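Input: a single structure, listed below in structure tokens.
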Protein chains: 2
Amino acid sequence: MRTIDWVDGRIHIIDQTLLPGEEVSLSLETVEEVAEAISSLRVRGAPALGVAGGLGVALAARRAREDGEDVGEAISRAASLLASTRPTAVNLRWGIERVEGVYDPSRPESVEDLIREARAMVEEDEKINRLIGEVGAGLIEGGSRVLTHCNAGALACVAHGTALSIVKVAHERGLVAGVTATETRPLLQGSRLTAWELKRMGVPHRVTIDSGAAGLIASGSIDVVVTGADRIAANGDVANKVGTYPLALAANASGVPFVVAAPLSTIDLATPDGGAIPIEERSASEVLEVNGLRIAPEGTEAYNPAFDVTPASLVSAIVTEAGIVRPGVDDLRTLFEEAPWVGETTG
Amino acid sequence: MRTIDWVDGRIHIIDQTLLPGEEVSLSLETVEEVAEAISSLRVRGAPALGVAGGLGVALAARRAREDGEDVGEAISRAASLLASTRPTAVNLRWGIERVEGVYDPSRPESVEDLIREARAMVEEDEKINRLIGEVGAGLIEGGSRVLTHCNAGALACVAHGTALSIVKVAHERGLVAGVTATETRPLLQGSRLTAWELKRMGVPHRVTIDSGAAGLIASGSIDVVVTGADRIAANGDVANKVGTYPLALAANASGVPFVVAAPLSTIDLATPDGGAIPIEERSASEVLEVNGLRIAPEGTEAYNPAFDVTPASLVSAIVTEAGIVRPGVDDLRTLFEEAPWVGETTG
């Protein structure tokens with residue numbers, strides 16, 4: 001199952017806002033539809049956003065050529081529209097720029113190259129995430145009780161996932177006793193998406209409220225915490241779904257390993273540390289309304305950041321397709337010297 | 001406004017499950033109704049539970065006398081029914097035992113003493129909580145941005161509150177720049193109740209998801225964290241609403257004071273430390289359903305503890321009606337030597 005793909009000149013996605021109740025596939029035909037799908041979190045998760053950005057640019061180029069419009073201008077417009085939807089996710093920008101960079105105004109046929117590049121990203125993402133699982137499963141001991149946050153699964157990628165790819169491979173190797181998924185307010189990606197994926201994988205699992213995880217870790221009921229990432233700075237600071245930082249604090253306080261799983265495209269060497277990462281704030285209504293029903297008094301406002309920053313000092317290991325680094329011990333730059341996938345399909 | 005009171009031989013409460021949408025007063029006529037109101041969190045909060053326990057025993061005694069039943073037996077039955085509803089809250093047991101202890105089987109008129117004792121608890125609670133506010137406001141500096149968790153307000157007591165009593169007095173003294181209330185999943189006491197109280201007090205406030213608080217503290221946007229407590233062990237470990245512990249970790253990591261406000265009746269010297277406090281687990285449906293709509297896949301289970309334990313080492317100060325102690329520095333026992341209210345009305 002691919003959660004995002006290029007099919008007959010359109011972008012197919014699973015509408016994640018309807019899970020687990022309904023499994024609905026959407027076929028996106030314009031870059032505006034892609035931007036809406038990203039803003040509304042119909043497609044979400046750092047690696048999937050990279051692919052969505054790349055496919056979105058290719059879609060815009062193709063439409064412009066079909067409609068006899070200026071292809072270069074359509075690509076620029078698509079790139080800035082798509083990049084504005086989620087400011088924290090570095091993969092999105094990376095995917096957009098990668099496909100945009102293939103365009104050659106002197107060769108009209110290069111629109112096909114954009115499509116080829118974007119489709120290569122889909123293939124690559126699938127391989128990379130399987131590899132993250134294989135690399136990361138080496139950190140999981142037999143009988144592990146795993147805790148994860150938000151959804152860093154197949155739904156956040158093309159397939160497999162990042163944190164959940166580790167769980168998947170470790171489960172295939174018989175190493176996972178069970179997984180606790182935090183529900184992940186306000187949009188409940190843990191209860192809705194991660195639980196759905198774990199159920200499909202046949203992994204014993206349960207959900208807890210976000211603020212219940214720290215006590216669970218302190219009580220000795222969790223052996224390892226594994227999360228994804230939305231941007232990793234050069235020093236190893238990790239921006240991820242809001243609520244990741246308190247989990248890292250709790251894991252650290254109890255001596256439980258805190259593992260971050262992400263493709264190399266999530267590491268932004270141009271961002272020196274977490275302080276330089278912009279934190280997206282989302283609509284207050286996500287917090288103040290549940291199923292369209294207001295839960296707080298009229299006039300009460302809300303602070304709704306989508307991410308928080310976990311300092312590198314709390315991160316035990318960052319697992320990528322190119323290997324594992326320990327922030328504070330290893331230099332993240334070494335990963336890029338050994339990366340097996342980077343550049344393979346872009347040359 | 002009293003949120004719980006004895007009125008014409010019945011117990012009046014505000015039904016907290018309907019706030020902030022509806023303000024409904026209930027008149028409880030039997031101990032079974034009181035037990036149901038406690039289990040369903042129509043009345044909740046450590047000090048209010050103490051009063052509810054005491055009033056519940058008095059109600060049962062009065063009914064038994066009216067109905068010509070064995071009063072002593074009715075009191076015993078009421079005490080064990082009420083105590084079973086919320087195992088973590090030490091105030092509940094304290095309130096039950098205090099009123100139960102007044103009964104003298106050799107004097108049938110002692111039922112009146114039970115009622116007098118229970119009503120004295122109502123008066124006392126109001127005084128104690130105002131005093132907690134006055135004592136605790138001394139810890140609040142000018143322009144403070146306060147963060148609080150769950151509801152430790154008037155709704156959790158007879159009036160004033162514990163943590164929110166401090167906010168109220170500090171606000172009256174012009175010291176509060178604003179309050180951030182965590183929404184407090186699963187039952188959203190922060191969004192529903194604390195925001196409602198802050199709005200009534202005229203305090204500038206906003207709500208955030210529980211897991212957003214740690215990042216907010218790390219970003220330097222919070223000057224002090226103030227919470228209530230459900231049980232404080234002799235060594236200063238604090239059991240409070242689940243999610244308190246990660247707030248204390250975050251406050252500690254950023255050098256922000258973490259203040260716990262509670263009446264002396266919350267301190268249980270018979271409990272040596274947090275490890276000895278039973279943690280109530282509540283129904284999975286509180287986590288897996290929102291407004292009666294299931295959010296997780298069928299078959300997914302939930303872990304739903306009502307409390308967690310914050311180690312004394314993370315607590316900057318415990319504010320009581322008898323003064324302030326710093327766990328690890330001061331002995332909690334000294335509070336009881338100086339308590340102005342303890343025993344005043346029970347002699």
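Chain naming here is simple, since letters A, B, ... match the order of the sequence lines and numbering starts at 1 in each. Since the model is a prediction, treat every value here as computed from it, not as a measurement.
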Checklist entry - Looking at side-chain heavy atoms only, is the closest gap between B:T300 and A:S191 below 4.5 Å? => result no

Checklist entry - Is the backbone of B:L164 close enough, under 3.5 Å, to the side chain of B:E197 for a donor and an acceptor to pair up by distance? => result no

Checklist entry - Between A:A213, A:P246, A:G21, which shows the greatest number of heavy-atom pairs under 4.5 Å with chain B? => result A:P246

Item to check | Least distance between heavy atoms, B:A177 atom then B:P204 atom | outcome: O-CG, 3.7 Å

Item to check | Working for side chain to side chain contact (heavy atoms under 4.5 Å, CB included), residues A:F258 and A:V256 | outcome: CA-CA 6 Å; A:F258 183 81; A:V256 169; over 6 Å; no

Checklist entry - Between A:R145 and A:G220, what is the shortest heavy-atom contact and its length? => result NH2-O, 3.1 Å

Item to check | Engaged part of A:L293 at the chain B interface, taking heavy atoms whose separation is under 4.5 Å | outcome: side chain

Item to check | Interchain contact, A:L188 with chain B, by part (heavy-atom threshold 4.5 Å) | outcome: side chain

Next on the checklist: Could you measure the distance from the CG atom of A:L18 to the OG atom of A:S25? Nearest 0.5 Å is fine.
Outcome noted: 11.0 Å

Item to check | Leading residue by heavy atom contact count with chain A [cutoff under 4.5 Å; candidates B:T310, B:T184, B:T208, B:L19] | outcome: B:T208

Checklist entry - Applying a criterion of heavy atom separation less than 4.5 Å, what residues of residues 276-284 of chain A form contacts with chain B? => result none

Checklist outcome for this item: With chain B, the option among A:S211, A:A302, A:G215 that has the most non-hydrogen atom pairs under 4.5 Å is A:S211

Item to check | Option that, when pairs with chain A are counted at under 4.5 Å, heavy atom only, ranks first among B:R294, B:E183, B:R192 | outcome: B:E183

Checklist entry - Which bit of A:V290 comes within less than 4.5 Å of chain B, counting heavy atoms only: side chain, backbone, both or neither? => result both

Next on the checklist: So for atom CD, which belongs to A:E289, do other residues, nucleotides or ligands contribute more than 12 heavy atoms lying within a distance under 6.0 Å?
Outcome noted: yes

Checklist outcome for this item: Looking only at B:V287, B:T180, B:T194, most heavy-atom pairs under 4.5 Å shared with chain A are made by B:V287

Checklist entry - Are the side chain of B:T3 and the backbone of B:I14 linked by a donor-acceptor contact shorter than 3.5 Å? => result no

Item to check | Neighbour count above 12 (heavy atom, 6.0 Å) for A:E286 CD | outcome: yes

Checklist entry - Does a side chain donor of either A:N151 or A:R44 reach within less than 3.5 Å of an acceptor in the other side chain? => result yes

Checklist entry - For A:L198, is it the side chain, the backbone, both or neither that has a heavy atom under 4.5 Å from a heavy atom of chain B? => result neither

Item to check | Residues of residues 225-244 of chain B within contact distance of chain A, non-hydrogen under 4.5 Å | outcome: B:V242, B:G243

Item to check | Top of A:P305, A:A181, A:P186, A:G212 for chain B proximity - count of heavy-atom pairs under 4.5 angstrom | outcome: A:P186

Checklist entry - Among A:I295, A:D210, A:D308, who wins on heavy-atom pairs under 4.5 Å with chain B? => result A:I295

Next on the checklist: When you measure from the side chain of B:R86 to the backbone of B:L41, do you find a donor-acceptor pair of N or O atoms at a distance under 3.5 Å?
Outcome noted: no

